[in-house]
Amino acid sequence: MTRARLGLLAAALALVLAAAPVSSGPAAPVRGGTLTIGRPVDAVSLDPHFETTAPGAWIYQMILEPLVTMGPDMKVRAALATAWRVMSPTRIRFTLRRDVKFHDGTPFNAAAVKFTFDRAFDPRSISRWASLAGPIKGVEVVDDFTADLVTTEPYAPLLHSAAMVFAGIVSPTAVARLGADFSRRPVGTGPFKFEEWRTNDRITVVRNDDYWGPKAHLDRIVFRVIPEESARMIALRTGEVDMVLVPAPAQLATFARDPGYTLAQATGLRVVFIGMNLTRSPLSDVRVRRALVMASNRKAILQNILEGAAGPSDGILAPGVFGYKSLGLDTLYPYDPARARALIQEAGFRPGPDGIMQRDGIPLTLTLITARGRYFKDAEIAEAYQAQLREIGVRLEISFLEWATVFTMVRAAVLDAHMFVLGWVTTTADADYTLLPMFRSDQVPPRGWNTWRYFNAEFDKLVDQARTSLSPREREELYGRAQEMIARDIMFVPFYVTKEIALMRSHVKDFVPHPIEYNQGFQYVWIQK
Amino acid sequence: MTAAVQGTPHVSAGAAMWKRFRRNRLALMGLVIVGFLMVLAILSPMLAPADPARQTLDDKRMAPGIKYKLGADEFGRDIASRLIYGSRVALVVGLVSVLIALLLGTALGTVAGYLGGGVDEVVMRAMDVLLAFPYLLLAIAIVSALGPGLANTILAVGIWATPAFARVVRGSVISVKEQEYVQAARAIGASTSRIIVRHVLPNCISVVVVYSALYMASAILLEAALSFLGLGIQPPTPSWGLMVSTGRDYLVIAPHIATFPGLAIAFAVLGFNLLGDGLRDALDPKLRT
């Protein structure tokens, strides 16, 4: 094996730890059956135009297909495009499949591709995923089955943008016919068709028997919303569901030992963190922010709350993302309540009679918003962090809200909370996807994801340069510097890097866990009779 | 028994009541339980072995033993201390919400019962609307509108219990207002407010007292239910309902986390129910079934 191939293999392994398909045994796939999946939250929307988070993407990725997709090995594969060629630093030419029809019978062609991108990048109604896709200008139709994806400036990770689940091609006639309703009844070309959505109860998709590729084995997949962790686990035990997403960490060991169940996991690319709103006093003061990191016992939380269901994180990027650099938080801001207290006092606070720090008679009370069960142990982490902040005299008031409410709040122009629990997947596995929309000065919501309201012109310059540079080494160096700035100005406490875990009854075969949680491989699952 | 009591005219009403109450062992047990809870609530800081909000993550889900008498919860907090502090939440919510219901319900019931006619219709139909809601649904609706938290939980429970008090008070007012002594008071020119305060309301006291005790039990249960659903008391304040709610995730591997607060709720509800039943029997022997 050559050194280059070894290197590749190592890289692939690092990304897709344990991502091997669940052993299917000698049996061949059987057609038919319904796969019922229990998951904690409902979709916000089934249209990447409105939703770019996993609860919706888990489902629409099977309905709407992009031109190319990212495999579980994190390599770009053909989907609706059979081939692609980089024509220039700002242009990729895609050759499209000729045998594809949308679920409503509309033929798939270059015009549909153009329609999808025009819809997303229309400056009058910029779609949710457009802000994550880079400087895409649009699509130019070359002929019926050839289309060019064009950017306004050189953009290194362009092919990865096209491979995001969000870039699924939509049926132009269905969008025209359904209007706003399309987001609840999407029509694409995928192996499954939309059937039904009962809000906060279930979403059902059925097999597309006219699919252009290998047809799905299952007749139907039902995504049920079961918010309670214990209820989800009981539903799995009783057979009410065949598979559980976001299973209870404390019960994983028990289920893993039981031959009646299969545990599938892949090291993920999502970092779950508590973010800080820099526009709210006293979080505008970097000393306070540093104290808030030093007050967090991240190791104890990882060990005792995540219990092995997630890995340590040291930054906003997960290791394995291009451009990742460890922020060195454990060295810069180690867990040290005494030093955290000292920093808070440096910022002008003094302990009050009840032990809570105060300044000018006003107690240091911070508000935090979180969902319960959107991310692994999100609410529990918030509660543990609350107790840890109390040790340094900071009162944390937590609002446990529905995920849709948290999403709406962090996406609003004004964020009405000091802190928030959020997770972020670098969907393209390229640092640009995260460092630009989350930190660039012009990316404050609703436009982008600069939810902390971080304004640093120097930083902006670095990510702009890295985006247009076509030299991987230079890009890596620029992203390294950008992350040093983030470490210095720290505005979040990262708690873990996800493992994408699904727990299923062992008759469920060929589920392929994907490092990007949006792309979970439900498509070719089958059920052993 | 009724005859025996009536046959001792020299005994005051209060003493007679106490005598009847004392003979009822279950009622005494209720009184002891309620008294015990009161002591726990008042002396929480002295009785609790540890700070109820302090987490020792490494001790998560530790079984009952030497270090934690009733075990540690999923965050490594002392369950015994949380139960003791939780009695404060239960009693405060119970007492204050029942007080709200008592004041509101008595006022509405008296007005409706005494004035009758259109006023009665309007007030009592409004109460019927509230009563028509399944009890948890009404409380959830109120808390959803006002937001979760201690004060709003109290308010929700109070509003939920109001119609019951209004109805029972209205009933007694109606039965009393046609009595001869009330007509006599009216005949000698006593004002309406004087008649209500001096002659009508005292006759409602016993039924209100009994209802208060019984509704304390329901109020504690409703608070636990709301907190269980995440709509009541917010962490880190220890509420029994909240403790059951989070503990249920670990029922299989650490059943003590949800079991002890569950028992505490059952214990408190039992105490107030026994007390209420006892009071009813003692205050109004004719009601005895």
Side-chain angles (χ1 to χ4, degrees), chain A residues 40 226-234 236-237 246-255 258 296-307 335 354-356 367-373 377 379-391 395-402 405 495, chain B residues 45 50-63 72-78 81-82 85 140 143-144 146-153 226-239 241-259 262:
Chain A
I226 309 177
E228 306 294 339
E229 186 179 277
S230 52
R232 248 182 351 264
M233 302 309 276
I234 290 167
L236 182 69
R237 275 218 185 274
V246 197
Q251 295 184 36
L252 283 182
T254 321
F255 276 96
D258 189 332
S296 67
N297 190 347
R298 302 187 297 135
K299 206 171 143 203
I301 288 179
L302 197 62
Q303 269 171 9
N304 297 304
I305 294 181
L306 278 313
E307 304 189 66
Y335 171 57
D354 53 353
I356 298 296
T367 53
L368 178 141
I369 55 169
T370 180
R372 207 179 257 289
K377 296 288 160 190
E380 289 80 1
I381 288 172
E383 254 191 89
Y385 187 56
Q386 179 182 50
Q388 289 167 4
L389 286 191
R390 195 163 159 266
E391 301 289 313
R395 185 184 292 134
L396 189 67
E397 277 173 7
I398 308 175
S399 298
F400 298 97
L401 305 165
E402 259 185 88
T405 311
F495 284 96
Chain B
D51 176 344
R54 194 188 168 86
Q55 302 183 356
T56 311
L57 288 176
D58 288 335
D59 292 346
K60 63 172 186 297
R61 307 195 295 263
M62 197 178 268
D73 71 2
E74 70 277 18
F75 291 106
R77 293 178 295 207
D78 181 38
S81 304
R82 291 180 68 71
Y85 273 91
I140 288 174
V143 172
S144 306
L146 302 174
L150 182 66
N152 291 339
T153 304
L226 282 175
S227 299
F228 181 88
L229 294 174
L231 295 167
I233 310 304
Q234 295 298 298
T237 310
S239 144
L242 195 60
M243 291 169 75
V244 174
S245 168
T246 57
R248 120 200 91 132
D249 281 346
Y250 307 97
L251 262 185
V252 183
I253 51 172
H256 67 275
I257 300 177
T259 307

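A note on names: the letters A, B, ... follow the listed sequences, proteins ahead of strands, and every chain is numbered from 1.
Each of Gly230(B), Pro148(B), Pro236(B), Pro235(B) has some count of heavy-atom pairs under 4.5 Å with chain A, and the biggest count is that of Pro235(B). Taking chain B as the reference chain and counting heavy-atom pairs below 4.5 Å, the highest number among Gln303(A), Met233(A), Gln388(A), Glu228(A) is found for Glu228(A). Most heavy-atom pairs under 4.5 Å with chain A: of the set Asp51(B), Val252(B), Asp59(B), this distinction falls to Asp51(B).
Contacts between Ala250(A) and chain B at a heavy-atom distance below 4.5 Å involve backbone atoms as well as side-chain atoms. Proximity to chain A (any heavy atom under 4.5 Å) is restricted, for Ile253(B), to the side chain, taken from C-beta onward. Only the side chain of Gln386(A) has a heavy atom closer than 4.5 Å to any heavy atom of chain B. Using a 4.5 Å cut-off between heavy atoms, Glu397(A) makes no contact with chain B at all. Only the side chain of Ile305(A) comes within contact range of chain B, with heavy atoms under 4.5 Å apart.
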Check your understanding: Could you go step by step and tell me if Met243(B) and Arg77(B) meet the side-chain contact (heavy atoms from CB on, under 4.5 Å) rule?
Key -> CA-CA 11 Å; Met243(B) 291 169 75; Arg77(B) 293 178 295 207; over 6 Å; no
Practice item. Check step by step if salt bridge (charged side-chain N to carboxylate O under 4.0 Å, His left out) holds for Glu307(A) and Arg61(B). Key: CA-CA 13 Å; Glu307(A) 304 189 66; Arg61(B) 307 195 295 263; 2.8 Å; yes
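With Ser227(B) contributing its side chain and Gly241(B) its backbone, the two residues share no donor-acceptor pair below 3.5 Å. In this structure, Thr259(B) contributes its side chain and Pro255(B) its backbone to a donor-acceptor pair below 3.5 Å. Under the 3.5 Å distance criterion, the side-chain polar atoms of Arg232(A) are matched with a main-chain donor or acceptor of Ile226(A).
Applying the side-chain hydrogen bond (donor to acceptor under 3.5 Å, both in side chains) test between Glu229(A) and each of Gln251(A), Arg372(A), Lys377(A) identifies Lys377(A) as the sole match.
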